[in-house]
Amino acid sequence: MENLQPNSLKQSLGRKIFRNFLEANGFDRSVQDKFDTLTELYMRVNNVINISALRTFDDIYIKHYLDSIYPYKYFDGSCCDVGCGGGFPCLPLSIVTDLPFTGIDGVGKKLILIKNCKQELALNNIECEHIRAEELSKRGKKFDTVCSRALACTDKALAFCAPLAEKNGKIILYKTQNDEPASITVANRYNVKLIETVDYTLPETNINRRLFIYSKLL
């Protein structure tokens, strides 16, 4: 694992690319600095609890942070990140937006990073809960935007996320450009409609991504 030394961190190309994206989208220095603090917390926690295999600065800033926040403009209202793991995408999204986020995961120990960041970064707009999506939906809990990233195949991801979406709410699935939308059978079962497919390349990289954005009809 890389040492979190100021010079080493500043030499990271991934960090530079990420900061370029933040600046291009109007985020000030204080937001940029929060991600450096997040990196310190991430590496500290990941050294004790293996929440992610990504351990280099370049990977963290590109494959965790930039990948998480690139579609931030598609999020609205109350948001739920299903299968959030260590907090991606909900942690970075909570830093760059004022939207309220709830991260849920079936593995409780993975949530420690969110809990630490909530306190250390004074993030008042993020909560986390050790619970499965099926259990949370049984409580009748609903959100305006529900997302998942690297959770499961599209059919399964939609099955987990759709029951948590409000009527006319959105389900945002982070996928690769090799992935296909959910089957018509699954979409009909969960009363959702695919309203947009967004293909993009993360800035200054060759990493291609795809979003499937669904609307909850009922």
Side-chain angles (χ1 to χ4, degrees), residues 1-29 31-43 45-46 50-75 79 81-97 101 103 110 113 145 147-158 161 170-182 194-214:
M1 179 179 291
E2 295 183 57
N3 293 321
L4 192 61
Q5 299 296 330
N7 289 337
S8 176
L9 183 62
K10 290 179 180 178
Q11 291 169 0
S12 166
L13 177 60
R15 177 177 179 266
K16 179 181 179 181
I17 290 171
F18 180 68
R19 290 171 78 93
N20 287 344
F21 176 82
L22 290 178
E23 290 174 5
N25 283 270
F27 295 106
D28 62 26
R29 184 64 178 269
V31 173
Q32 299 170 23
D33 290 344
K34 282 186 178 181
F35 281 97
D36 289 343
T37 303
L38 172 57
T39 301
E40 181 179 355
L41 294 169
Y42 170 92
M43 296 182 76
V45 170
N46 207 37
N50 186 26
I51 59 175
S52 171
L54 301 184
R55 296 175 181 271
T56 68
F57 294 145
D58 288 350
D59 280 348
I60 293 167
Y61 279 87
I62 297 297
K63 296 180 181 179
H64 271 332
Y65 302 165
L66 183 57
D67 193 42
S68 291
I69 72 166
Y70 186 86
Y72 75 95
K73 293 180 181 179
Y74 291 96
F75 286 76
C79 304
D81 180 4
V82 176
C84 66
F88 305 100
C90 60
L91 258 178
L93 286 167
S94 71
I95 293 174
V96 300
T97 77
F101 279 86
K110 289 185 177 182
L113 180 61
T145 305
C147 72
S148 77
R149 174 176 174 264
L151 176 63
C153 70
T154 310
D155 279 3
K156 288 185 178 179
L158 190 60
C161 294
K170 287 189 290 190
I171 300 109
I172 299 175
L173 305 182
Y174 288 67
K175 309 300 290 182
T176 73
Q177 291 186 9
N178 294 322
D179 290 303
E180 297 293 332
L194 181 64
I195 57 173
E196 191 170 1
T197 299
V198 184
D199 287 341
Y200 56 93
T201 301
L202 295 179
E204 301 181 64
T205 77
N206 60 357
I207 300 174
N208 299 318
R209 290 289 187 254
R210 171 173 291 167
L211 293 182
F212 292 124
I213 304 177
Y214 289 86

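Bear in mind the structure is a predicted one, so any value in this text is a computation, not a measurement.
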**Asked** Taking all atoms of both residues into account, what is the closest heavy-atom pair of Ser68 and Pro89, and its distance?
**Response** OG-CA, 3.2 Å
**Message:** Checking Gln32 against Arg19: is there a side-chain donor and acceptor pair closer than 3.5 Å?
**Reply:** yes
**Asked** Can you name the nearest heavy-atom pair linking Leu211 to Pro71, along with the distance?
**Response** CD1-CB, 3.4 Å
**Message:** Restricting to ring pair (Phe, Tyr, Trp, His ring centres under 6.0 Å), what partner residues turn up for Tyr200, sequence neighbours left out?
**Reply:** Tyr70
**Prompt:** Are any non-hydrogen side-chain atoms of Val31 and Val96 less than 4.5 angstrom apart?
**Reply:** yes
**Request:** Evaluate side-chain contact (heavy atoms from CB on, under 4.5 Å) for Ile17 paired with Ile62, printing each intermediate quantity in order.
**Result:** CA-CA 8 Å; Ile17 290 171; Ile62 297 297; 3.7 Å; yes
**Prompt:** Looking at side-chain heavy atoms only, is the closest gap between Ile51 and Val45 below 4.5 Å?
**Reply:** yes
**Message:** To check you understand the geometry: which heavy-atom pair defines the closest contact between Thr176 and Arg210, and what is its length?
**Reply:** O-CB, 3.6 Å
**Message:** Donor-acceptor pair, distance only, cut-off 3.5 Å: does the side chain of Thr97 make one with the backbone of Ser94?
**Reply:** no
**Request:** With ring-ring contact (aromatic ring centres under 6.0 Å, His included) as the test, would you mind laying out the steps for Phe27 and Tyr72 before giving the verdict?
**Result:** CA-CA 12 Å; Phe27 295 106; Tyr72 75 95; 5.4 Å; yes
**Polar side chain donor-acceptor pair, Tyr74 to Thr145, under 3.5 angstrom** = no
**Request:** Drop me the distance from Phe101's CZ to Cys79's SG, to the nearest 0.5 angstrom.
**Result:** 4.0 Å
**Pairwise side-chain contact, Ile213 with Ile171, heavy-atom cut-off 4.5 Å (strictly under)** = no
**Request:** For side-chain contact (heavy atoms from CB on, under 4.5 Å), just list the numbers for Tyr61 and Asp36, CA-CA rounded to whole Å, side-chain angles, deciding distance to a tenth of an Å, and then say yes or no.
**Result:** CA-CA 9 Å; Tyr61 279 87; Asp36 289 343; 2.5 Å; yes
**Request:** Output the distance between atom CD (Glu204) and atom CG (Asn20), rounded to the nearest 0.5 Å.
**Result:** 5.0 Å
**Prompt:** Considering all heavy atoms of both residues, which atom of Ala157 and which atom of Ser148 are nearest to each other, and what is their separation?
**Reply:** CB-OG, 3.7 Å
**Request:** Nearest 0.5 Å please: distance from the SG atom of Cys84 over to the NZ atom of Lys110.
**Result:** 9.0 Å
**Prompt:** Are any non-hydrogen side-chain atoms of Leu91 and Leu38 less than 4.5 angstrom apart?
**Reply:** yes
**Atom of Cys90, atom of Asp81 and distance for their closest heavy-atom approach** = N-OD2, 3.1 Å
**Asked** So how far is it from Leu41 CG to Leu113 CG, rounded to the nearest 0.5 Å?
**Response** 6.5 Å
**Asked** Is the closest basic N to carboxylate O distance between Asp59 and Lys63 below 4.0 Å?
**Response** yes
**Asked** So, do Asp199 and Asn208 sit near enough that their side-chain heavy atoms are less than 4.5 Å apart?
**Response** no
**Item:** With sequence neighbours excluded, residues passing side chain to side chain donor-acceptor pair (under 3.5 Å) with Ser52
**Value:** Tyr42, His64
**Request:** Answer yes or no: is there an ion pair linking Asp58 with Arg15, defined by an N-O contact shorter than 4.0 Å?
**Result:** no
**Request:** Please step through side-chain contact (heavy atoms from CB on, under 4.5 Å) for the pair Leu151 and Leu173, ending with a clear verdict.
**Result:** CA-CA 9 Å; Leu151 176 63; Leu173 305 182; over 6 Å; no
**Asked** Is Phe212 close to Val198 at the side-chain level, that is, under 4.5 Å between some pair of heavy atoms?
**Response** no
**Prompt:** Can you tell me if Thr154 and Asp179 form a side-chain donor-acceptor pair at under 3.5 Å?
**Reply:** no
**Message:** Are the side chains of Tyr214 and Leu158 in contact, using a 4.5 Å heavy-atom criterion?
**Reply:** yes
**Request:** Output, in order, the C-alpha distance, side-chain angles, deciding distance and verdict of side-chain contact (heavy atoms from CB on, under 4.5 Å) for Phe57 and Met43.
**Result:** CA-CA 10 Å; Phe57 294 145; Met43 296 182 76; 3.3 Å; yes
**Request:** Calculate, to the nearest 0.5 Å, the distance between atoms CD1 and CG belonging to Ile207 and Leu66 respectively.
**Result:** 8.0 Å
**Request:** Return the minimal non-hydrogen interatomic distance between Pro203 and Phe21, and the atom names on each side.
**Result:** CG-CD1, 3.9 Å
**Item:** side-chain contact (heavy atoms from CB on, under 4.5 Å) partner of Tyr65, the single match among Ile95, Leu22, Ile60
**Value:** Ile60
**Message:** Quick one, Leu93 and Phe88 - any side-chain contact, counting heavy atoms below 4.5 Å?
**Reply:** no
